*Asks:* 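After the C-alpha cells below, expect a handful of questions from me.
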Amino acid sequence: MKLQQAHDKEAVFARILEAARDVGFDHCAYGVRLPLPIASPRFLLINNYPVPWRERYAAAGYLATDPTVAHGRRTQNPLVWSDAVFADTPELWDGAHSFGLSVGWSQSSFDANGVMGMFSLARSGEAITARELEAKELRMRYLACVAHHMLSRTLSSSSERAPEIFLTKREIEILKWLADGKSSREISDILHIAFDTVNFHVKNVITKFGTPNKTAAVVRAVLMGLVD
C-alpha cells in the first residue's frame, strides 16, 4: 500500500481504499473515538460512502444506534453485516441498502491511550460467504489494523489537540498510587515523604490538567497514556 509515502488523512485513506478494492469491496470507512473530553468524546470519520448517505447518517444521529458501532465497543471480533445484526434498526439498514451498502464487514481496534477505532468494508454485490472469509479475512483484519494505526494518528492530528502536559517523576509516582485508591496520607507513608509534600504535588497535578479534583486528574492521566 506504500503508506509510508502518505502524509495526510486523504492520502492515507486513498491507499487503504485501494487495498479494500483489492479484497473485493468498493467502499470502506474508518471512525475514531477520542477519549477526551470524557463526558462528550469526539468522533472523527472518513469514508467514501455516497455523500447523501453520509448526510442522512449524520442528520439522523445513526452513530448512536448503529449496531456495528455497538458491537465494536464490546469486542474486537469481526462482524459480518446481516439482517439479524440490524434487526432493531431497520430504518438504518434500509437506508444503507438504498445507497448500495448492503454487504459489509466491520472490526474495531483499541489502543493503550483509550482510543477506539472502527473499520468497515462495504459493497453492493454478492454476500460474504464462509469461503470468502476463509480466503480473505486475514487480509481484512490486517487492513483494519493498518487503518487504525495510520488513520487514528492522522485524524487526531488534524483535529484540535489537547495541550501537551508534562509531569514530573514524583507527580507520576503519586498519580499511580492515587489510581490504586491510596489516600494522600497512605502515599506519604509509602513514599516516606511529608503529607504536605504529597498534597503539594496533587495540587500541581490538578492545576496542570485543569480538573476540579484529583480523581478527575487521575482519569485524564490514564486516558492520555501519561500513567501506565
Side-chain angles (χ1 to χ4, degrees), residues 1-37 40-66 68-73 76 78-81 92 95-125 128 136-164 223-225:
M1 286 187 287
K2 300 180 181 179
L3 282 172
Q4 67 274 14
Q5 298 176 11
H7 302 293
D8 56 54
K9 64 180 185 294
E10 288 80 11
V12 171
F13 184 76
R15 296 291 187 182
I16 290 172
L17 178 58
E18 181 183 339
R21 286 170 173 159
D22 284 343
V23 291
F25 294 88
D26 301 316
H27 302 281
C28 68
Y30 177 78
V32 60
R33 184 189 66 183
L34 303 180
L36 297 173
S40 55
R42 289 178 295 157
F43 293 84
L44 307 173
L45 307 170
I46 186 169
N47 59 64
N48 73 323
Y49 292 162
V51 173
W53 173 238
R54 282 186 266 171
E55 293 173 347
R56 183 190 298 186
Y57 189 96
Y62 284 146
L63 184 65
T65 59
D66 191 330
T68 66
V69 176
H71 174 88
R73 288 173 180 164
Q76 294 185 68
L79 176 70
V80 176
W81 301 359
L92 190 163
H97 272 259
S98 70
F99 287 99
L101 305 171
S102 54
V103 177
W105 177 97
S106 300
Q107 183 179 13
S108 62
S109 301
F110 297 85
D111 63 33
N113 295 330
V115 176
M116 171 196 166
M118 169 69 75
F119 180 71
S120 294
L121 297 165
R123 69 187 182 211
S124 59
I128 300 172
K136 298 180 180 178
E137 192 166 42
L138 186 61
R139 292 166 65 192
M140 292 156 67
R141 284 173 176 258
Y142 173 73
L143 190 53
C145 291
V146 171
H148 181 63
H149 176 69
M150 297 298 294
L151 286 172
S152 64
R153 245 183 354 189
T154 55
L155 285 171
S156 300
S157 64
S158 64
S159 68
E160 293 182 8
R161 302 187 65 173
E164 202 164 1
L223 288 176
M224 294 175 70

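Given the structure is predicted, the values throughout are model-derived calculations rather than measurements. The residues of the chain are indexed from 1 along the displayed sequence. Below, all heavy atoms of this structure are taken into account, side chains as well, without hydrogens, waters or symmetry copies.
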*Asks:* Working to the nearest 0.5 angstrom, can you tell me the gap between Leu143 CG and Leu138 CG?
*Replies:*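 CG of Leu138 is found 11.5 Å from CG of Leu143.
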
*Asks:* Any chance you could measure Arg139, atom CZ, to Leu121, atom CG, to the nearest 0.5 Å?
*Replies:*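 The CG atom of Leu121 is 11.0 Å from CZ of Arg139, to the nearest 0.5 Å.
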
*Asks:* Looking at Val146, Val32, Leu151, Ile16, which hits side-chain contact (heavy atoms from CB on, under 4.5 Å) with Phe119?
*Replies:*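 With Phe119 as partner, Val146, Val32, Leu151, Ile16 yield a single side-chain contact (heavy atoms from CB on, under 4.5 Å), made by Ile16.
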
*Asks:* Can you name the ring pair (Phe, Tyr, Trp, His ring centres under 6.0 Å) partners of His97, sequence neighbours left out?
*Replies:*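 By the ring pair (Phe, Tyr, Trp, His ring centres under 6.0 Å) rule, His97 matches Trp93.
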
*Asks:* So, taking the atom named NE2 in His27 and the one named CZ in Arg21, what distance separates them when rounded to the nearest 0.5 Å?
*Replies:*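 These two atoms lie 8.0 Å from each other.
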
*Asks:* Would you list the atom pairs, donor with acceptor, under 3.5 Å between side chains in residues 103-110 and any protein atom, with sequence neighbours excluded?
*Replies:*
unit_1: Trp105; atom_1: NE1; unit_2: Glu137; atom_2: OE2; d: 3.0
unit_1: Ser106; atom_1: OG; unit_2: Trp81; atom_2: NE1; d: 2.9
unit_1: Ser106; atom_1: OG; unit_2: Ser120; atom_2: OG; d: 2.6
unit_1: Gln107; atom_1: NE2; unit_2: Gln76; atom_2: O; d: 3.2
unit_1: Ser108; atom_1: OG; unit_2: Gly72; atom_2: O; d: 2.8
unit_1: Ser108; atom_1: OG; unit_2: Thr75; atom_2: O; d: 3.0

*Asks:* Of all residues at least two apart in sequence or in a different chain, which pass the side-chain contact (heavy atoms from CB on, under 4.5 Å) check with Thr65?
*Replies:*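 Scan of Thr65 (side-chain contact (heavy atoms from CB on, under 4.5 Å), adjacent residues dropped) gives Tyr62, Thr89, Leu92.
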
*Asks:* Can you list the residues that meet the side-chain hydrogen bond (donor to acceptor under 3.5 Å, both in side chains) rule with His71, with sequence neighbours excluded?
*Replies:*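 By the side-chain hydrogen bond (donor to acceptor under 3.5 Å, both in side chains) rule, His71 matches no residue at all.
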
*Asks:* Counting C-beta onward and ignoring hydrogens, is there a side-chain heavy-atom pair between Arg33 and Arg73 closer than 4.5 Å?
*Replies:*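 Of all side-chain heavy-atom pairs linking Arg73 with Arg33, at least one is under 4.5 Å.
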
*Asks:* When rounded to the nearest 0.5 angstrom, what distance separates CE in Met150 from OH in Tyr30?
*Replies:*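 Output value for this atom pair is 11.5 Å.
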
*Asks:* Side-chain polar contacts of residues 45-52 - donor-acceptor pairs under 3.5 angstrom, sequence neighbours left out - could you list them?
*Replies:*
unit_1: Asn47; atom_1: OD1; unit_2: Tyr49; atom_2: N; d: 3.1
unit_1: Asn47; atom_1: OD1; unit_2: Arg54; atom_2: NE; d: 3.4
unit_1: Asn48; atom_1: OD1; unit_2: Cys28; atom_2: N; d: 3.0
unit_1: Asn48; atom_1: ND2; unit_2: Asp26; atom_2: O; d: 3.1

*Asks:* Which residues pass the ring pair (Phe, Tyr, Trp, His ring centres under 6.0 Å) test with Phe99, sequence neighbours left out?
*Replies:*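 Phe99 satisfies ring pair (Phe, Tyr, Trp, His ring centres under 6.0 Å) with Trp53 once adjacent residues are dropped.
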
*Asks:* Looking at Val23 and Met140, what are the two nearest heavy atoms and their distance?
*Replies:*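 Result for this residue pair: CG2-CG, 4.4 Å.
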
*Asks:* I'd like to check the side-chain hydrogen bond (donor to acceptor under 3.5 Å, both in side chains) partners of Arg56; sequence neighbours left out, ordered by chain and number.
*Replies:*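 Testing Arg56 for side-chain hydrogen bond (donor to acceptor under 3.5 Å, both in side chains), a comparison that skips the adjacent residues, returns none.
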
